[in-house]
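Computed from heavy atoms alone, side chains included, the values below leave out hydrogens, waters and symmetry copies. Proteins come first, then strands; the chains are lettered A, B, ... in the order of their sequence lines, and each starts at number 1.
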Amino acid sequence: MDPNGGSSSAGAADGASDPAAARRRHSKKPKYSRFTQQELPACKPILTPGWVISSFIFVGIIFIPIGLASLFASERVVEIVHRYDKDCVPASYRNDMLAYIQSNETNKTCTRTFLVPKQMKSPVYIYYQLDNFYQNHRRYVKSRSDKQLRSRASENDTSSCDPEDVTANKSAIVPCGLIAWSLFNDTYGFSVNNTLLGVSKKNIAWKSDQQHKFGSDVYPKNFQSGGLIGGAKLNSSIPLSQQVDLIVWMRTAALPTFRKLYGKIEVDLEANSELTVVIENNYNTYSFGGKKKLVLSTTSWIGGKNDFLGIAYITLGGLSLFLAISFLLIYIIKPSQILQGYVPSKRSMTNVIGPGHKICMS
Amino acid sequence: MVGGTGRGIRFSKLYSFSCVRSSFREDRSQIGQKGYTRVVHCNDPDDPEAVQLNYRGNYVSTTKYTAVNFLPKSLFEQFRRVANIYFLVVACVSFSPLAPYSALSVLAPLLVVIGATMAKEAVEDWRRRKQDIEANNRRVQVYRNNSFCKAKWKDLRVGDIVKVDKDEFFPADLFLLSSSYEDGICYVETMNLDGETNLKLKHALEETSSLQDEKSFQQFKAVIQCEDPNEDLYSFILLRDSKLRNTDYIHGVVIFTGHDTKVMQNATDPPSKRSKIERRMDKIVYILFSTLVLISFIGSVFFGTETRKDISGGKYRRWYLRPDDTTVFYDPQRPVLAAFLHFLTGLMLYGYLIPISLYVSIEIVKVLQSIFINQDQDMYYEETDKPAHARTSNLNEELGQIDTILSDKTGTLTCNSMEFVKCSIAGTAYGRGMTEVERALARRNDRPHEVGDASSDLLGDGDEMDLGKPIKGFNFRDERIMHGRWVNEPHADAIQKFFRVLAICHTAIPDINEGEISYEAESPDEAAFVIAARELGFEFFSRKQTCISLHELDHESGGKVDRTYKLLHVLEFKSSRKRMSVIVRNPENQLLLLSKGADSVMFERLSKEGRMFEAQTREHIRNYAEAGLRTLVLAYRDLDEEEYKAWEEEFSRAKTSVAADHDALVDAACDKIERDLILLGATAVEDKLQKGVPECIDRLAQAGIKIWVLTGDKMETAINIGYACSLLRQGMKQIVITLDSQDIDVLRKQGDKEAIAKASCESIRKQIREGKSQLISAKENSVSFALIIDGESLSFALNKNLEKSFLELAIDCASVICCRSSPKQKALVTRLVKMGTGETTLAIGDGANDVGMLQEADIGVGVSGVEGMQAVMSSDFAIAQFRFLERLLLVHGHWCYRRISMMICYFFYKNIAFGFTLFWFEAYASFSGQPAYNDWYMSFYNVFFTSLPVIALGVFDQDVSARLCLKYPLLYQEGVQNILFSWPRILGWMSNGVISSIIIFFFTTKSIIPQAFRRDGQVTDFEVLGATMYTSVVWAVNCQIALSINYFTWIQHFFIWGSIIFWYIFLVIYGSLSPTVSTTAYRVLVEACAPSVLYWLATLLGVISTLLPYFSYRAFQTRFRPLYHDIIQQKRSEGLETDDTPNELPHRVRDKIQHLKMGLRRS
């Protein structure tokens, strides 16, 4: 008797002599591999108390020393911050500082004197710090021509520089754009105990900027030549790659409060020595109420003075340790609270697992 | 079937057709009318008239696109998604000065995303095209130039005469002219069309069946007029893609070609369904859109006021912006307009809140998930060689959220391989042996010693005879009538007639193979009957068009004799008729009507003298039904010649009519002769439960899934099957809603339909009310209930005014069984549950009658069983056995749900974390619309630095292993209650994103600005801040996913750490390009950041502090508010559970779990 008798399976009528063998040959059985069966070897981390506590402790142990080290490094940095935007305006102009700064007649020179609180090992970096100045404003950021800065051939490539792109008679401004036009033009001269200090401008700009972004054959042209004068003028006989102040300025700041490198003093400044700064206070921050500060600072491995990082690390490390201890305590006091979890809704459960029904879990 | 060549054909020009029957002429009215205009010039496709008709060729294309329309059409499909339109608009606007970043950087990711999706479409379409090419280039013999020659399918034309050999597919819809059989019949298998594997018999017209050789076709010319192409399958022709079987060859005329064929007309796309998660995801996208609009608005308000202040009283405030000489975008004179334009800029800038790659990632993930489903060896069924098949990948995660399963019974819970087990002949019950249901009943009555393995059979049946191998479809053991011993029984005569009915009254076809006979039958029931007759000595061995032959055991001599019955008419089985009959003339020249049918229609057709054994038979039928068996009543009658003649005339007229009520006429004619029958007895056929069904249902019930069974069975059968498959359990209270009450019976006898309806409605209302009050009163002692309702009551319960209360009752019951329900009712119930509860429903079925239900439910699962492929074709997932549903839902469903919901949450997290850093930066850039990062950092964010880990999460993550998923079915409730994708969780992830962005932005800026960030005194500028912050973001979101993942294979490690490393590599490579390309990224890592200790420390600070809130929350939550999967994970990690070796639970653990369960139930 044919075992398939009466069935309506296709196999019976195919007349294949050995349908089982044929089936084995063309089996659609999925091939076994650990991948397709989703059985790849895997580690399955879960948050056991041990893991939780040790990772908190680990974070604490790593973070607190880092924090202490950073804080220590930051503390070692000597920094002098001197705000001069108000003090450098003569008393008679205090009510209309804008008129003072915009006038060509007024004397902008201003001499400030302060003590060096601690010894400052060379190099001492000189920064100017502006405040409330939006170098990151979209209009401002975009108003430059990288091509023009880079090579003389693209001198007329000023389309992105609006409105400081061309002069009234349509010749291209080099360097064009608002950024260059608003170049910072305060200057500082330093003397300690009445001896002049040289200000080095070496290496204050990024090497890559000098080498690749600002051309050595590009010379300022038509710059600050007509209409509104923005900031500093440039010596048109020096190529842009050598105009380090411009290069520093054109590397736009991230936030409205920023420092930019002015130069370096390459001698040590002794503690309590009297530092005299002669400031040419030209730059207009008065119209938008921005502060101007002169910053002198040494550096350490972490850079300049900023306690935030150290404090943040210590706080975070401390918090981790605290959490580790609290978890530990909770585990000791209330070892297992497992049964509190997962509350399925009443309806579904009472209906499905009635008492008459045996619950078998295996 | 006899009239299979029937309707609407005219052979006007055919020379041999002078004697067309009159009935044809009368009913030709529709020819030439609308819908019946097709004219086929046989054997003459070059006839000018035929050419003029210009019917389509036989070339078939099933592709969605062509080479020409691919681009526009697929683009159109892509941009039907709101998010994609948004990105397209952004890309267009980015060419204007409004854009905060370069157009190319916006376009690139959009192109990648759209390109990936289009490539997927193209590959799929290419596969379809290859199939088309294969089909179009198949060869067939065509009659051209007076001989048959091979031609490609695609070159066939309407009117061609083709010759198709055995086991070949028909190349187009053909009109049968002749076959290798003299009487012009052929057998056809339509598996490719409807999945039915039984053979269908087709007849040629007598007039053409002589056209056998090439010569005879030389002279042959004909014109066929028939209906236009339509999707009505079961009409007169041989259908394309069906197969010629058991016939050496046929000749046919091509009638419909190419896309006009029935199979093409029937091809429809499966209904597209969307999962709940995706619908909720859309809502989240809308939330993000609103957030986007809101923050853009806030930004533009600030921007407007700031800009307005730039000129006041002739003084320029921020003079360095040249407010006097400005464009409209920054014009202090027109601040409102500037603010509005800035608003548009903002919409683009913060567009990173909307994850551009979300949709395409989800699609990729789902396709991979369905590959895993298809590849699962544990869902492969050896016997039919069928793996599980995810026909759509849209609904994977929905599998993890099923609240209610609506299941068909026959073929779904059972094997649908019928076994003849019992019969009642002339009032005597034959057949020993216990059915599964009887065993279950025995179990229920606490007779544990009788409990056998539910899936084994043939045990303890009291049959000593050794039969060798078991016979499929036959499980009847009774020494009284087997092996010819029936001749000694008191009613031997009736027994003989009984088995003759079984051997003759059917439509099966014998298939003789090396002396063994097997049968091709339309239904497994029918096969079981023929086999039973064979086993008892009535071997059906030959069917011709007009006669049926049996080897019969002779009553007296005991030897075998061949008897041939002349087959006069077959009155076919129809579900409306619930019976079939044949009229035969036996060798003694007696006219007999042999009939079998459902008890409900058969008993009323008995003659007075034929009711001799009615009482006993009814009693037996009741017993059989209780034992879960399917019963049929057999009866016969002797016809006298005159009556038959008169009837035959009427019947022929009805059969050949073309009128619209053709079917009704035929039925009425049949009804006339199927009367005054004499009862012979009843058969009982067992439909075995599939392997593992009770265990599977048990597990699904433990998972909190409610199971409804919708079956066509009688109530008793259904209830007993319910017990057998553990749907009903001891201790459950049954609420039975039925209309079998006396008052209604009384009304029925009176026949007043309106009164019946009214009373029925009232009765149902009352029963529902009573059921509810039972439920309420039982609430305290938490008894679970089962609702059983029959089809008739169901039709009232589904009325508008009752359906709500019916649903309320039903959803409070653990199990629901609807018996005697029609396919339409199945679909209606499904819709009621879906709409009424708002929960996710899954329908599972195997037959054509389940199609409505499958399409209506949120998910349709087709069981690819015996009944063909129709259910599978309209399903979303196809499995071979019901028991695979357990794995499909509890393992794959749970995983997919978890993966997709985590993936979406994380996706939004990562984009919010990134998008908001932009916003915070804006606050410090006077909301001017300057992005904090380089354009290309941003456009690669979604494409390279964060996309692969989240795809790995979506494809591979497992909270617990497959074994534990099955072991703790309650875990499934996480999906049903949507715990992992609840609004608090989604919003939690979103706020985590916001917090991360705050931490990263402020910690980074505070620690590296404004002082020198390196030993050489350089300060942080715009470029360095962007790179540093971006580094923190990439680290943070990738570490965040590492924290959320439960399952680390090398793939996850590779993707997560690879993404981070790739960021650095990218920065190095991009930074080394010419400064005109890399702009602000030029050497930013190599020259500026990497040598700075502060850069690395700031990154570390940002990452750890971003992770800390989530980590602490998880540490707290897993311990003190653990979700169920957390508990299982803890057990595993404590060594209480292992993933791989399935072993028995330690006693201690079992107690603990028991305790846990009790706790759950109480809560």
Of the backbone (N, CA, C, O) and the side chain (C-beta and beyond), which part of [X] lies under 4.5 Å from a heavy atom of chain B, both, or neither?
| X | value |
| --- | --- |
| A:Pro41 | backbone |
| A:Phe327 | side chain |
| A:Ile311 | neither |
| A:Asp307 | neither |
| A:Glu39 | backbone |
| A:Ile302 | both |
| A:Ala312 | both |
| A:Val59 | side chain |
| A:Ser300 | backbone |
| A:Phe133 | both |
| A:Ser55 | side chain |

Practice item. For A:Lys147, look at atom NZ and say whether over 12 heavy atoms of other residues, nucleotides or ligands are found less than 6.0 Å away. Key: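 No.
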Would you say the side chain of [Y] lies within less than 4.5 Å of the side chain of [X], judging by non-hydrogen atoms?
| X | Y | value |
| --- | --- | --- |
| A:Tyr125 | B:Asp1016 | yes |
| A:Phe308 | B:Thr1005 | no |
| B:Leu1094 | A:Leu309 | yes |
| B:Arg1119 | A:Pro49 | yes |
| A:Arg251 | B:Glu1023 | yes |

For each of [options], tally heavy-atom pairs with chain A at distances under 4.5 Å, and name the one with the top tally.
| options | answer |
| --- | --- |
| B:Ala1098, B:Gly929, B:Gly1026 | B:Gly929 |
| B:Met379, B:Arg1114, B:Gln1052 | B:Arg1114 |
| B:Tyr330, B:Phe956, B:Tyr316 | B:Tyr330 |
| B:Ser1074, B:Ala925, B:Pro100, B:Pro387 | B:Ala925 |
| B:Val1024, B:Ile1051, B:Ile1045, B:Thr326 | B:Thr326 |
| B:Phe329, B:Phe1111, B:Trp895, B:Phe1013 | B:Phe1111 |

For the student: nearest non-hydrogen atoms of [X] and [Y], plus distance:
| X | Y | result |
| --- | --- | --- |
| A:Ser70 | B:Leu1097 | OG-CD1, 4.1 Å |
| B:Phe921 | A:Ala254 | CE1-O, 3.3 Å |
| A:Arg139 | B:Arg322 | NH2-O, 3.4 Å |
| A:Phe63 | B:Leu1101 | CE2-CD1, 4.3 Å |
| B:Arg1015 | A:Trp301 | NH2-N, 3.6 Å |
| B:Pro1075 | A:Arg150 | CG-NE, 3.7 Å |

Which region of [X], side chain (C-beta onward) or backbone (N, CA, C, O), has a non-hydrogen atom less than 4.5 Å from a non-hydrogen atom of chain A, or is it both or neither?
| X | result |
| --- | --- |
| B:Ala508 | neither |
| B:Lys1006 | both |
| B:Glu526 | neither |
| B:Ser1092 | neither |
| B:Ala1088 | both |
| B:Asn374 | backbone |
| B:Leu1100 | both |
| B:Leu1025 | side chain |

Check your understanding: How about A:Ser27 and B:Tyr380: does a side-chain donor come under 3.5 Å of a side-chain acceptor?
Key ->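 Yes, B:Tyr380 and A:Ser27 have a side-chain donor paired with an acceptor closer than 3.5 Å.
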Exam field: side chain [X] to backbone [Y], donor-acceptor pair closer than 3.5 Å:
| X | Y | value |
| --- | --- | --- |
| B:Gln1011 | A:Gly303 | no |
| B:Gln958 | A:Gln38 | yes |
| B:Gln1018 | A:Ile204 | yes |
| A:Asp146 | B:Thr1079 | no |
| A:Gln37 | B:Gln375 | yes |

Practice item. Report yes or no: is the cationic atom of B:Arg1083 (NZ for Lys, CZ for Arg) closer than 6.0 Å to the six-membered ring centre of A:Trp206, at no more than 45° off its axis? Key: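 So B:Arg1083 doesn't make the cation-pi contact.
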May I ask you to name which of [options] has the most heavy-atom pairs under 4.5 Å with chain B?
| options | result |
| --- | --- |
| A:Leu228, A:Leu323, A:Thr48, A:Val77 | A:Leu228 |
| A:His137, A:Lys305, A:Lys213 | A:His137 |
| A:Thr257, A:Leu316, A:Asn306 | A:Asn306 |
| A:Ser182, A:Ser208, A:Gly67 | A:Ser208 |

Exercise for review: Would you give the length of the straight line joining atom NZ of A:Lys28 to atom OG1 of B:Thr384, rounded to the nearest 0.5 angstrom?
Suggested key: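 A:Lys28 NZ to B:Thr384 OG1: 8.5 Å, rounded to 0.5 Å.
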Review point. Applying the ring-ring contact (aromatic ring centres under 6.0 Å, His included) test to B:Tyr320, which of A:Phe184, A:Phe288, A:Tyr283 qualifies?
Key: A:Phe288
Check your understanding: So, are A:Lys207 and B:Glu1087 salt-bridged, with charged N and O less than 4.0 Å apart?
Key -> no
